[in-house]
2 protein chains.
Amino acid sequence: MDVLKKITELLKENGFKVTKGRAEVLALFFKADRPLSQKEIMEMLRLDLDRASVYRILDAFTQAGLIHMAYVDGRHRVYELPGKCGAHSCHPHFSCRGCGMTACLEDFKGRYKVDLADGFVAERQKVLIEGLCPSCKGK
Amino acid sequence: MDVLKKITELLKENGFKVTKGRAEVLALFFKADRPLSQKEIMEMLRLDLDRASVYRILDAFTQAGLIHMAYVDGRHRVYELPGKCGAHSCHPHFSCRGCGMTACLEDFKGRYKVDLADGFVAERQKVLIEGLCPSCKGK
DNA sequence: TCATAAATGCGACATTGTAGCAATAAAAGA
DNA sequence: TCTTTTATTGCTACAATGTCGCATTTATGA
């Protein structure tokens, strides 16, 4: 199916008006091969979209489950399309402590099994692998 | 051994001058049963310590390896004493999406094994379990 | 096309984190 | 103990990130 059509459908399904801003932000996530921060989104956008609007769009998408907050970077919230994340498994992210680059390790199949105390409910796992990327490794 | 003595030793071992601020911040981590944010540290401190100083102390401790940055909350950096975290295992943290409370699941023994692409080096794993705590569960 | 409800732009603001510099406190030696 | 030296702190200003309210604009359904 056409990506643009898919995006329009996704937005309508979730009760969103189909606006240029929302369509393009969502399109960015479909094009991206890694989690995106608000800052990166602003830079990648072709149309002028206000900072506040981007935040509102990201919040709305997150609440609707269209994207996930990956929390990869201590300062920036980083978002991505939801993968197969669930209560007991989620593909991890890699973050380079040299350059701050983050990547999605989607083909990861491992699982944690965590026994929480009574009364606690696990909804989702987030795993971050920290280390060095090839170009920062040599320095 | 006395905690205060241990703290003094730890600071000296790492080449730090033993100041009231550093000693008390480090003591907070020994007393705490969960990861702490800069904000929480400010609120828990008895003596008046400047915001900038707390940040500098946390940075210095992190660099020296006395504490770890746990990155649990999207907005706040959250720190804790280093556990048995390594390239392929780390005790996970639990974070309640209702009240934002975070906890350390120290007795966790599981492991991820992640195959990174050539040239990438994994130094540490951070795992976050998101869900609801008992008191937020009912709401 | 028009009416309406939602989304956006704009501005102001709160919070978090950083940097420079003068004042202060800790450590070492006399 | 007193002094000197050097690191640490407090203060101030600043940058970046995120939020909020309100007027304006836009998308949608009649």
Side-chain angles (χ1 to χ4, degrees), chain A residues 4-5 7-28 35-64 66-67 69-79 97 100 102, chain B residues 4-5 7-28 35-64 66-67 69-79 97 100 102:
Chain A
L4 206 68
K5 208 168 177 181
I7 283 168
T8 305
E9 236 173 62
L10 264 176
L11 288 174
K12 288 195 174 175
E13 273 172 26
N14 286 277
F16 291 120
K17 279 191 183 177
V18 182
T19 64
K20 287 178 197 168
R22 291 215 255 246
E24 194 158 327
V25 169
L26 193 49
L28 284 181
L36 302 175
S37 68
Q38 175 268 345
K39 196 179 175 182
E40 287 173 310
I41 289 167
M42 288 293 283
E43 286 162 1
M44 292 166 83
L45 278 173
R46 295 191 186 178
L47 59 98
D48 276 337
L49 200 54
D50 191 72
R51 207 160 53 90
S53 297
V54 172
Y55 278 116
R56 281 185 286 232
I57 288 172
L58 290 175
D59 284 349
F61 281 3
T62 303
Q63 201 151 15
L66 282 175
I67 56 175
M69 216 186 281
Y71 285 123
V72 176
D73 189 327
R75 266 196 252 176
H76 307 281
R77 306 184 197 171
V78 182
Y79 300 81
R97 74 167 157 82
T102 61
Chain B
L4 205 68
K5 208 169 177 180
I7 283 169
T8 305
E9 238 173 61
L10 265 174
L11 289 174
K12 288 195 174 174
E13 273 173 25
N14 286 277
F16 291 119
K17 278 191 183 175
V18 181
T19 63
K20 287 177 196 169
R22 291 215 255 247
E24 194 158 327
V25 169
L26 193 50
L28 283 181
L36 302 175
S37 67
Q38 174 268 343
K39 196 179 174 185
E40 288 173 310
I41 289 166
M42 289 292 283
E43 286 161 1
M44 292 166 82
L45 278 173
R46 296 191 185 178
L47 59 97
D48 275 336
L49 200 55
D50 191 72
R51 205 160 54 90
S53 297
V54 172
Y55 278 115
R56 282 185 285 232
I57 288 172
L58 291 175
D59 284 349
F61 282 3
T62 303
Q63 202 151 15
L66 282 175
I67 57 175
M69 216 186 285
Y71 284 122
V72 177
D73 190 329
R75 269 196 251 174
H76 307 282
R77 306 185 198 169
V78 182
Y79 300 82
R97 75 167 158 81
T102 62

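Lettering of chains follows the sequences in order, A, B, ..., and the numbering in each one begins at 1.
The side chain of A/Lys39 sits closest to D/dT17 out of C/dT8, D/dT17, C/dG11. Of the candidate nucleotides D/dT19, C/dT8, D/dA7, D/dA7 has the atom nearest to the side chain of B/Lys17. Closest to the A/Gln38 side chain, of the nucleotides C/dA19, C/dA5, D/dG18, is D/dG18. Each of C/dT8, D/dT8, C/dG11 was ranked by its minimum atom distance to the side chain of B/Thr19; first place goes to D/dT8. Closest to the B/Leu49 side chain, of the nucleotides D/dG10, C/dT16, D/dT26, is D/dG10.
Between the CG atom of B/Asp59 and the C1' atom of D/dA7 there is a distance of 16 Å, rounded to whole Å. One interatomic measurement links the two molecules: CG of A/Leu11 to C1' of D/dA27, which rounds to 12 Å at whole-angstrom precision. Between the CD atom of B/Glu40 and the C1' atom of C/dT15 there is a distance of 15 Å, given to the nearest Å. Atom C1' of nucleotide C/dA12 and atom CG of A/Asp50 are separated by 13 Å, given to the nearest angstrom. Remark: C1' of C/dA19 and CZ of B/Arg51 are 12 Å apart, rounded to the nearest angstrom. We find that OH of B/Tyr55 is positioned 16 Å from C1' of D/dA13, with the value rounded to whole Å. Rounding to whole angstrom units, OH of residue A/Tyr79 and C1' of D/dG18 are separated by 9 Å. Rounded to an integer number of Å, the gap from CG of A/Asp48 to C1' of D/dT25 is 15 Å.
At C/dG9, one or more side-chain N or O atoms of A/Ser53 fall inside 4.0 Å of OP1 or OP2 (strictly under the cut-off).
To the nearest 0.5 Å, atoms CG (A/Asn14) and CG (A/Leu66) are separated by 4.5 Å. Rounding to the nearest 0.5 Å places OG1 of A/Thr19 at 10.5 Å from CD of A/Glu24. The distance from atom CG of A/Leu26 to atom CG of A/Leu4, rounded to the nearest 0.5 Å, is 10.0 Å. For the atom pair B/Gln38 CD and B/Asp59 CG, the distance stands at 10.5 Å (nearest 0.5 Å).
With a 6.0 Å radius and a threshold of 12 heavy atoms from other residues, nucleotides or ligands, A/Glu13 has its CD atom above the threshold.
Scanning atom types as modelled, no donor and acceptor separated by under 3.5 angstrom connect the side chain of A/Arg56 and the base of D/dG18.
If you check every strand for non-hydrogen atoms under 4.0 Å, A/Arg22 touches sugar and phosphate atoms only.
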